[in-house]
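Values reported hereafter were calculated over all heavy atoms of this structure, with side chains retained and with hydrogens, waters and symmetry mates removed. Worth saying up front: this structure is predicted, and the values here are computed from it rather than measured.
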Amino acid sequence: MPNLMPSIPRTPLAFLCESERFVQLDRAEAYFRGRQDDGKPYDWDGHLAGYGTEVSIDAGYVVPHKLRRPDARYDLGRLIVRRLTSLVFGQDHFPELRVEGDEEAEDYVRTLASEARLSTRFAEARDLGGATGTSCLSFGFVAGRPRVQIHNAKHVVVLRWADEDELRPAEVLKAFAFPKSVYDPESKKVVTQTFWRVRWWDETREITWRAIPQSVAEGPSWQDAERTEIVHAYGFCPFYWIQNRPCSSDYDGEGDFAGQESTIDRINHLMSATTKGTIANVDPTLVIHMDPAMNNGNVRKGSENALWSPGGAEYLELKGTAVAAAERQMDRLVRSVLDVCGVIMADPDKLSGAAQSARALEILYAPMLANCDILREQYGEHGIKPMILDMLRVARKFKTALASVDSNGRPTRQAIILPPRMEYVEVKGDDEEVERTEVPVERTPGESEQITLNWRPYFSPTWSDINTAVAAAKNANGGKSVISQRTSTQTVAPLFGVKDIDAEMDQIEKEMEESIERAQKAFGPGGATSGPPFLTGDQPPKQPPEDEEDDEEEPEPEPTKDE
C-alpha cells in the first residue's frame, strides 16, 4: 500500500514519540501530577514498597533518601502552576473578545468561544504548559458544533511547520501508548495489553487510527492499520503550539518551576522526616532505670515497649528541636522556590489588614503579575486570537452545508450551528400597548477580522476604591456627575439580576414621570399654600400680561446737583 503520509517515517511508533524529549517532558509533568516518586522501590521507613506482605520486607541496609518514596509531600509544582493559571484564566479573568467596527462578527466569535468552552479549555492547556513548558490545542466542528481539544505536548511531534518563526504547525503527529483489557482466546482469560492511539493533521485532512496493538506498532507498517480519514479542507492545519514562556533556542518553552525539581525533592524529604519525627514524639517510650540484663539488653521503641535502666522509670520524649529546625529549613526552601518562580504566597492574616484596595494588591503581587503578563501574551496572541480567527474564517467559508463524507461514507460536516441571539423588540398588543419582548435572531459571522483581546484587571476595584475615585473626580470638575445614569445603572445591574438595561432605563424614566405627576396633584392649584406650581417639560414658564407691563410707571430720575 502506498504511503499516504510521506512525511511520516516508516519506523516503529516508539522511535517517533518516545524520544529523549518525551522523557524530559514526562518528568516535568510528574512534578505537577505529584507522581515523581512513583518509581522508587522503598517507602520512607526503608521497607520495600508494595502491597500485602511486601511492605514488611526490610532492605537490609540503610536506603538513601533518593530511593525512598516520601509519605508526606508538599506538591509545590502543582501549587505554582495552579496559582499562575488562576490569575491568567481564573474566574472573570478570561479576556473579552472584541471585533472593532463589526458587531455581528464580535457577537459570533464570543458565541464560538462560549460554545467551545474556551475559558475552561485554555485553563487546562495553561496547566499543562506550566508543567511541561508547551501547550498544544486543536479545533474542529462536530455535528456543526465547535469543539476544542487539549493535547499533551510530550505525545506530539511536529513533522512540518507552516511558519517556524511563529510556531504554526503544518503537519502534526500525536501518538501514545495505553493499557487495555482484552480477552485472550488461548488462555481464555482477560489480560492487559498495550495499544497505541494515533492521530495526524495537515492542511486538508485529519486521520485517526483505531487502537493499534503493540505488535503492530513495533513494525514499520503501522500506518496501514485501520483508520478514519476526514477531509476538512480548511487550507491550514487546525493545530496550535504555544510556548508557556518564550524560548527562542528550542521549540518547547519553559515551565513554571523549571530547574527547581531537586529543591522540591528536598522539601518533600524534610516534610516526611518532620512528619515521622512528630509521630514518634507523640508516642513516648518508657525508660525503666534498672539492670538492663533483666531485659536481656533488648532495645524496643514505642508506647508498648520499655528501656530498662537502674534508678527508676520515666517517659522519654523527643524535645522537638530537630523537628522545629527541619520545619524552618523547609520554609526557607519553599520561599526560595517561590521567589525564583515569581509566585507570591501572602499571609492571609496580614493580607486582610494591610491590602484593602486593588492597588494595594497589585503592589503586593507585582512580581507575580509581571509573570502573568508574559503568560497572557503567550496564550492570548499565540493561542486564543489565532484559534478564534481561524474558526471565524471557517464559519465564513462554510456558511452553507457542504457534502463531505469520511472513508466509510458517513457525513462528517454540516453547517455550523450556533444558538440564536435573543434581541428585544417592541410589539403592539391587542390593547395597542407597546411591549418589549425577546425574539431569536440567527447569528452571522460578519466581515471584519480585527479581533482584539481585552484582558480584565487582575484585581477588581472594591466599592471603597470606586467611591474614592468618584469623589475625587467630582471634586476635580466642580461637583458635576462623572458618568451617565445609563453607565451607573449598567454597573450595578448584575448585583440585582437586571439583564435588559433598556427596559430598566425606561422603567426608571416612567417612575420619575409618575412621581412628578403625583407631586403636581399634591401641590397644584388649590393644593399649595405658597410657591409657584411645578413646571413640566411641555409647559413654558408663565409670562406676565402685556397690560400690566404697559401700566407700569417708569421711576422718576433723581435730581442732579445743578438743579
Side-chain angles (χ1 to χ4, degrees), residues 91-92 94-115 418-448 452 454 456-457 460-528 531-542:
Q91 184 179 10
D92 298 331
F94 193 80
E96 181 184 21
L97 299 170
R98 291 183 177 178
V99 182
E100 300 297 335
D102 195 333
E103 294 183 358
E104 291 185 349
E106 181 174 287
D107 174 73
Y108 201 88
V109 297
R110 289 182 178 181
T111 307
L112 280 174
S114 176
E115 290 296 302
L418 294 180
R421 180 178 68 254
M422 303 303 294
E423 290 186 354
Y424 287 96
V425 297
E426 295 183 351
V427 179
K428 288 186 177 181
D430 297 336
D431 54 356
E432 297 299 323
E433 184 177 353
V434 178
E435 298 180 352
R436 290 175 59 85
T437 183
E438 282 186 318
V439 295
V441 178
E442 182 181 358
R443 288 185 163 91
T444 57
E447 298 180 358
S448 176
T452 58
N454 179 31
R456 295 176 175 85
S460 300
T462 63
W463 286 111
S464 176
D465 294 335
I466 296 174
N467 290 333
T468 303
V470 171
K474 292 183 68 174
N475 292 334
N477 65 4
K480 298 179 181 179
S481 299
V482 294
I483 59 174
S484 65
Q485 185 180 10
R486 179 182 180 85
T487 302
S488 61
T489 303
Q490 191 171 4
T491 302
V492 299
L495 300 177
F496 301 96
V498 177
K499 297 181 179 179
D500 189 354
I501 302 298
D502 294 330
E504 190 68 18
M505 294 295 297
D506 293 343
Q507 182 64 25
I508 293 174
E509 184 177 354
K510 182 179 179 181
E511 292 178 357
M512 291 179 62
E513 293 177 354
E514 292 176 353
S515 177
I516 293 175
E517 291 178 0
R518 288 194 299 268
Q520 287 177 340
K521 290 179 180 179
F523 299 101
F534 285 92
L535 299 179
T536 62
D538 298 332
Q539 295 176 335
K542 187 176 181 180

With sequence neighbours left out, which residue pairs that include part of residues 504-516 fulfil the salt bridge (charged side-chain N to carboxylate O under 4.0 Å, His left out) condition?
none
Show which side-chain atoms of residues 103-114 pair as donor or acceptor with protein atoms under 3.5 Å away, not counting sequence neighbours.
{"from": "Glu104", "atom 1": "OE1", "to": "Thr444", "atom 2": "OG1", "distance (Å)": "2.8"}
{"from": "Glu106", "atom 1": "OE1", "to": "Val99", "atom 2": "N", "distance (Å)": "3.1"}
{"from": "Glu106", "atom 1": "OE2", "to": "Arg110", "atom 2": "NH2", "distance (Å)": "3.4"}
{"from": "Asp107", "atom 1": "OD2", "to": "Arg421", "atom 2": "NH1", "distance (Å)": "3.2"}
{"from": "Asp107", "atom 1": "OD2", "to": "Arg443", "atom 2": "NE", "distance (Å)": "2.7"}
{"from": "Arg110", "atom 1": "NE", "to": "Leu97", "atom 2": "O", "distance (Å)": "2.7"}
{"from": "Arg110", "atom 1": "NH2", "to": "Glu96", "atom 2": "OE2", "distance (Å)": "2.8"}
{"from": "Arg110", "atom 1": "NH2", "to": "Leu97", "atom 2": "O", "distance (Å)": "3.2"}
{"from": "Thr111", "atom 1": "OG1", "to": "Asp107", "atom 2": "O", "distance (Å)": "2.8"}
{"from": "Thr111", "atom 1": "OG1", "to": "Arg443", "atom 2": "NE", "distance (Å)": "2.8"}

Please round to the nearest 0.5 Å and tell me the distance separating atom CD of Glu100 and atom OG1 of Thr452.
4.5 Å
Mind listing the closest non-hydrogen atom pair of Asp92 and Arg456 along with its distance?
O-CD, 3.0 Å
Using only atom types and a distance under 3.5 Å, with no angle test, would you say the side chain of Asp102 pairs donor to acceptor with the backbone of Gly446?
no
